[in-house]
Number of protein chains: 2
Amino acid sequence: MTSEDHVDVLIVGAGPAGMMMATWMARCGIKTRIVDKRGTKIFNGQADGLQCRTLEIFDSFGFADRAWLESNHMLEICFWNPDSTGKIARSGRIPDTIPGISRFQQVVLNQGRIERFFLDMIDRESPIRVERGVLPTELKFDESKAEDTSPDAYPITVKLRHLSEEEATPKQVATSANGMSASDGLFRSNLAADDTADLIKAAELNAKANTVETVHAKYMLGADGAHSWVRRELGFALEGESTDYIWGVLDIVPITDFPDIRMRCAIHSAESGSVMVIPRENKLVRLYIQITTTEKSADGSGRADRSKINPEVILQAANKIMAPYTLSYRTLDWWTAYQIGQRVGTHFSAKERIFLAGDAVHTHSPKAGQGMNVSMQDTFNLGWKIASVLKGTADRSILKTYEVERSSIAHDLIKFDHKFSRLFSGRPAKDVMDEEGISLDEFKEAFAKGNMFASGIAVNYGASQIVAKAPEASTNGANGVNGASKPVQSQQELATEVKVGMRMPSFKVLNQSDARPWHFQQRLPSNGTWRVAIFAGDLSLPGRREELDALAASLAKPKSFLKRFTPSTGRYDSVIEVLTVHSAHRTDYTVLDFPEVLRPFHEVDGWDYNKIFVDDESYHEGHGDAYKNYGIDPAKGAVIVIRPDQYVSYVGPVADYDSLDRFFSGFMIEQK
Amino acid sequence: MTSEDHVDVLIVGAGPAGMMMATWMARCGIKTRIVDKRGTKIFNGQADGLQCRTLEIFDSFGFADRAWLESNHMLEICFWNPDSTGKIARSGRIPDTIPGISRFQQVVLNQGRIERFFLDMIDRESPIRVERGVLPTELKFDESKAEDTSPDAYPITVKLRHLSEEEATPKQVATSANGMSASDGLFRSNLAADDTADLIKAAELNAKANTVETVHAKYMLGADGAHSWVRRELGFALEGESTDYIWGVLDIVPITDFPDIRMRCAIHSAESGSVMVIPRENKLVRLYIQITTTEKSADGSGRADRSKINPEVILQAANKIMAPYTLSYRTLDWWTAYQIGQRVGTHFSAKERIFLAGDAVHTHSPKAGQGMNVSMQDTFNLGWKIASVLKGTADRSILKTYEVERSSIAHDLIKFDHKFSRLFSGRPAKDVMDEEGISLDEFKEAFAKGNMFASGIAVNYGASQIVAKAPEASTNGANGVNGASKPVQSQQELATEVKVGMRMPSFKVLNQSDARPWHFQQRLPSNGTWRVAIFAGDLSLPGRREELDALAASLAKPKSFLKRFTPSTGRYDSVIEVLTVHSAHRTDYTVLDFPEVLRPFHEVDGWDYNKIFVDDESYHEGHGDAYKNYGIDPAKGAVIVIRPDQYVSYVGPVADYDSLDRFFSGFMIEQK
C-alpha cells in the first residue's frame, strides 16, 4: 500500500525544535506535516531549563503564562566550596537571572509539559497534528528545483513508514532504586490528565502499521536529534570532541539536611567532584553529579561503562561530594548518565530547502540548560522566514540568513559549554598557589558572565539583508544586497538601548485608547508580521508632530512600502504592522488625534484601537519609562523596524521614510 | 422509572453562585450533585464585570490567570457631561480601580467564559459534573433532622425530572438589527472551541428525557436565580421595590467617532438621559442606555412594554444621548433591556440545611457590575463552612454565620445600587441652583466612594464565633459562644492594616528556601484549610526568637489545637496550616534554622519548604514591605488567624498561645 501527499513543509522530529517549527506553521497557516518515530510524546525528565528569551518567545505564541505558572522559578545561585578545613560551605550567592534583562526569569519545567503547551497551541490554531510512530525511510532531493518558487514545484520526496506500537516504543530500562522502580526513559505513571489522549493514540498505532506513503514537500526540517536521519541522508557531519567527564543525573524528591536544596547550587568538594543542584517543579530536585570512580567500557571506546552506572551509584557519589550533609530519597522521577561531548554541524541546510535544527546540528552538555532553548530558537529563527517565502511576501534569499545567524550561535554555545564544563568538572583550587585547581573567583566570574549568555538575551545577529547594521562585526555581508542600490544604514544613536541585531527589549507603555499598560513585547506577537515602531517623541515639542504627520502621509500613499508589499486580500497589518509610541501626556490626546494610517478603519471593526501607545504613568503598574530605557530622546524620536521574530532590523529617524522603503524593498516581493 | 441517590450536597442552579459552590465541593472532596434546568451553559452576554476581590478568589482556586488574560482590563472612568453650550464634553477622569487596594484590577469578561473556568476546574479536580436539563419538581425537608449530624441523616429529599432537549432550551428571540440577526439569549455561533462538548451534551438530553429520580441530601443550595424555585418551595420572599428607570443594553463592536469608547464612561446628556460605556473583550463594548421614551405595558403592571424595545430603539436612544458623536455597528453580540428593581430575601437559609444564594436572595440593577460578584461571594462564604461541617472538623453552629454575614452584604449592595442608580438615571444639574438635577461633583464623589464598595474589598464581616472582634459595630453576637469561657479578643493594634473581619491583604514576601517572591494571598489557596500566620518579627531583635520558639513549642505539644483538631489520617496541615513570615535578613537564615513544627517533615517528601517566608528585598520584583504594609512592628510581631476564605478571624501577640487555642476550641471538633 502506498499513498501520496503534497505539503509545503515536512518536519521530521517532534521534539522542541520540531514543535517550534510546527507552531510557526500553525500560526501562519502553512500546510505542514510533522512526524516522529516515537510512539508517544515524552512525559518527564529530559531537558528542563527555560531561558528568559525562551519565555519571551513562548509569550509571543500565547503560552508563556502556562510555563510561568507550572515551573519552578530559579532566583539565586549558591556556591558551595571547601572551607579551610576542607568541608563544603556556602561561599557566595548571585542572582540566577541578571536583574533587569527581561520581564521573565529563568525557570525549570520538564520537557513533557513544554511539548504539551506546543501541542495545545498547534491543536487549537491549525489542522496540523503530530503523527507519531512514523519513520522516514527514503529521501530524494531534486536540487535543480531548489530555486523554483512556482506553486507546483516540490523538490523534496520522502517515504514514510508507519510503525507498529511495539516498533515505536523505545525499550524501557526498569530500574530498582531504594526499593522503587523508576524509568530512565519515556514512560511514567504520574501523567498530567491532558496526556491521557496521547497514550490512547499510541495504542492506535497498529491500525496503520507498516503502511508506507510518499510525501512531496517544498521545504523540510530535520529536527530529529543528535543521531539525525535527515543529516545522515544529506551526508553532513557533526564536528567536535568528547571529554572524559562523566555525569549522572537524578530527578528526585530529596530528603536531606543540605540547607540550600531549593536553590540552584554549584557544589565543589575538595576531592570528590562536583554537584549541580537544580530545584524543579512538584518538589523535585535535579542533581547533576560528577562520577569520578566509574570504569571505562571494555570496548576500548574510552566511553564509560554505562552498565555500571545506576541511581544508587550516582546517589553514593552525591553523598560523598555533599558530605557532611546527607541526601536520600523515596521518590525517583527519572535518571540518566552522560559523557560530555560538544559538536556542531558542518551545514545547517541543503540549498535552503532542507534545514537542520536542534541537536541535529549541535550537541553539548545539558547542565547549563541551553540545549532545548537553543534548539527551539533555531526554528523560531527559521519558521517565519519559510512561511513568508511560501506566502510569496519575501524573497528566497532571506533563507540564507538562517545558517549565518544560527551557526554562529551554535559555535558560541559550544564555546560557552566547553568553558563552563571545564570549570565545573575541575577540582577547586586549594589556595592561590594551586594553579591546576579552579579558583572560586574564576568560577564565580565565569558563572556571572555565563548568565548573560544563558539568558538567551545576548544573541546578536550580524549584518544582512534583514539586519541593517554595519558589517564590521560579522562576515555575513551587508544588507540591501537584493536590489537596493546602496545599503540601508541604521542610526543606532537614536535608540541607544535598542541594539540592531538583538531582540527588541520590553518596557511598559500604555494603550492610548484605554490606558492599559502593556509590555511592548506583548504587542509583538509571533504571527509572521513585520513591525514598524514609530517612536514619535513628545508631540508637544517642536517638529515632532510635523515629522509624524509627514511620515504618516508617506505611509498612506498608494505606492508606499506598506501598501506595495501587502496583498490586496490581506488586512492592512497582515505583512507590516505600524505601531506608534509617543511620549506626550496621555490625557492630552485621544486615539482619533492621530493620522488615520496609524489607526486604520475597518468596515466591521471600526477604528483600530490597538496601534497607538504612550510612554506615561499608569494607575497600577508604575511608569515604564520606555523612552528612557530604549535610549530614545523624546525631542527626536526614532523609527525601529522589528522582524517577525522580535529581532531589531533597523533604527532610523522619523523623518527618513526613504530608508524604510529601501530596507523592505531589499527582500520583500511586490504584490498585485 | 424512579431511581434513588444519596448526596452530601445538592446544588440547584449552575450559574456563577452554583458553580462557586460546586468548586468548593470539588476542592474539598464532598459528594455533590449540581443540576440546572437549562440545556446548555451560557455563551455570551449576561453579567460581565469581575471585581478585584472576585479575581483574588478565582486565584485562590487557580484560574484568575485565565480571566486576567482573556478579559478587558478597565483602568479609567471618564465622565462626560453637558458643557456650557449643552453639548457633552469630558469633564473628568478617575481610575476605575482605586490604586493599591488589590493586586488585581476590575476586568470585564462574559459570563460564559467565567462559567467555563469553573467547569474546567471542577472537571479536573472532582467527579462532579453539571447535569443540565434537570428540573427539581418536589422538595421535602424533614426539619426534625436538621441538627442530626449522624452519617445516615438525610433531612432533604428532592425529586428531579430530566427534561427533553426541547423543554430544556429557552425560547430564543430572533432579532434582526442592522440587517444582522442577533440573539438576546443563550445561543451564539462564535463559541469558544472548548464549548463544543457542551452542545453535544445538550443534544444527548433526550436519552434520559422524562425519567425521574429521588435524591436524598444532607445540604442543599438554591442558586436558581431571581425566580428561585427553591425559595418559593421554602415560602420565603424577596422584599424591595421597582423603579421606573428603564435601560437597554447593547453588546456591539462599535463604529463611532466618540473618542473614549474604550474607556468606561458615564455620559449624562442635558435632556436625553444617560449612557454607561463598558469596553469589553474581543473589541466588544457594552452600552447601558437609558430609555426615556418607551410606553408602559398595557397590562397595567407599570412595567415597560418590552415588545417596543429592540436594538434599533436602543441605538437611537444612544445616538441622541451621545450627540454630536455618532454610534453604529455591524456586529451585535447580545442585547437586553431591564427595569431596575432592588430586592433582598427575607431568609437566607432554612434551619441551616437549605441555603439560598445569588439572585435567589438579592436582585438589583446590573450596571455596577456587582450581581455576579456578590452571588459568587455568597457561596464562597458558604462552601467551606458546609464542607468542614460535613468532614466533622467544625461544629454546625458556624453555618449560622452565613446568613449573618451575607444578608448584611446584600443590604449594603441594595443601598449602593439604589444610590448609584438614582444618580445615574437622574438629569444632570444645569447649575448650582438646580437642586433637582444631579451635580457633577455629587456624581463623581459617589462614583469614587462606590469604587471601594464595587471592588469587593470593603466587605467587613461582623463579630462572631469565627471573627474575634468586639461586637460593637455589629449585632452578630460575640465569638467564643460555643464552649469557650470568655470571648477571644483580637489586638488589632498589632497589625493595624490587617482588619479583623476583612480579607487578608496581599503583599509580596519571599520563600525562605528559594528566595521566590509570592503574593501572600498566593499562599492561601482555597482548600478548606485555616491558617495561622506567625509574623515572627525581626529575629535579630531581642525576644523575637524566644517568643517564636515558645509558640512553636506549644504548637508541637500533642494536645495543641494544631494536633487536637487534625485527624490522625490527615496531613499535618490539612485542617490548620501554620505559615511563618519573619523580617530579618533572608540570607542570615535557612529554612532549617526554624523550629521543626513550622516546616514539618514528611517521610516521602522530606522537609516542607513552603511554610517559612521572609519580608526582604527580591532580585526582580522589588521589596514587598509586607510588615510595613500590614502595619506590623518587626520588634513585636503578630499572629493572624485567617479563615479558609481568606477573611481575618483574629490578630494577637506571638506570645499568646492560649487565645489561639481558645479561638479554635470555640467551633472546632476534637478528632480521635
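Protein chains get the first letters and strands the later ones, always in sequence-line order, with residue 1 at the start of each. These values consider heavy atoms only, across backbone and side chains, with no hydrogens, waters or symmetry-generated copies. No experiment lies behind these values; they were computed from the predicted model shown.
- Contact between A:L75 and B:A515 at its shortest, heavy atoms only, is CG-O, 3.7 Å.
- Proximity of a side-chain donor or acceptor of A:H620 to a complementary backbone N or O of B:F104 within less than 3.5 Å is not detected.
- Contact annotation for B:I94: only backbone heavy atoms (N, CA, C, O) come within less than 4.5 Å of a heavy atom of chain A.
- There is no contact between B:S618 and chain A, counting heavy-atom distances below 4.5 Å.
- Counting heavy-atom neighbours within 6.0 Å of A:H623 NE2, excluding the residue itself, gives a total above 12.
- Most heavy-atom pairs under 4.5 Å with chain B: of the set A:S513, A:G62, A:P259, this distinction falls to A:S513.
- Heavy-atom proximity under 4.5 angstrom to chain A picks out B:F601, B:E603, B:V604, B:D605, B:G606, B:W607 from residues 598-607 of chain B.
- Proximity to chain B is absent for every atom of A:Q522, based on heavy atoms less than 4.5 angstrom apart.
- Annotation for A:Y609 and B:I261: closest pair OH-CG2, 3.2 Å, computed over non-hydrogen atoms.
- Heavy atoms of B:L69 lying under 4.5 Å from chain A belong exclusively to its side chain.
- Using a 4.5 Å cut-off between heavy atoms, B:P279 does not touch chain A at all.
- Residues satisfying the salt bridge (charged side-chain N to carboxylate O under 4.0 Å, His left out) test with A:E617, not counting sequence neighbours, are none.
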_For a salt bridge (Lys or Arg N to Asp or Glu O under 4.0 Å) check, start with the C-alpha distance between A:R516 and B:E76, then their side-chain angles and the critical distance, and finish with the verdict._
CA-CA 9 Å; A:R516 178 166 175 184; B:E76 192 171 79; over 6 Å; no
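- Counting heavy-atom pairs closer than 4.5 Å to chain A, the top residue among B:P517, B:P99, B:C78 is B:P99.
- Per-residue heavy-atom pair counts under 4.5 Å with chain A were compared for B:T256, B:D593, B:T587, B:D257, and the maximum is reached by B:T587.
- Most heavy-atom pairs under 4.5 Å with chain B: of the set A:N610, A:N511, A:V253, this distinction falls to A:V253.
- Ranking A:D260, A:L592, A:V591 against chain B, the residue ahead of the rest is A:L592, based on heavy-atom pairs under 4.5 Å.
- Only the side chain of B:R90 comes within contact range of chain A, with heavy atoms under 4.5 Å apart.
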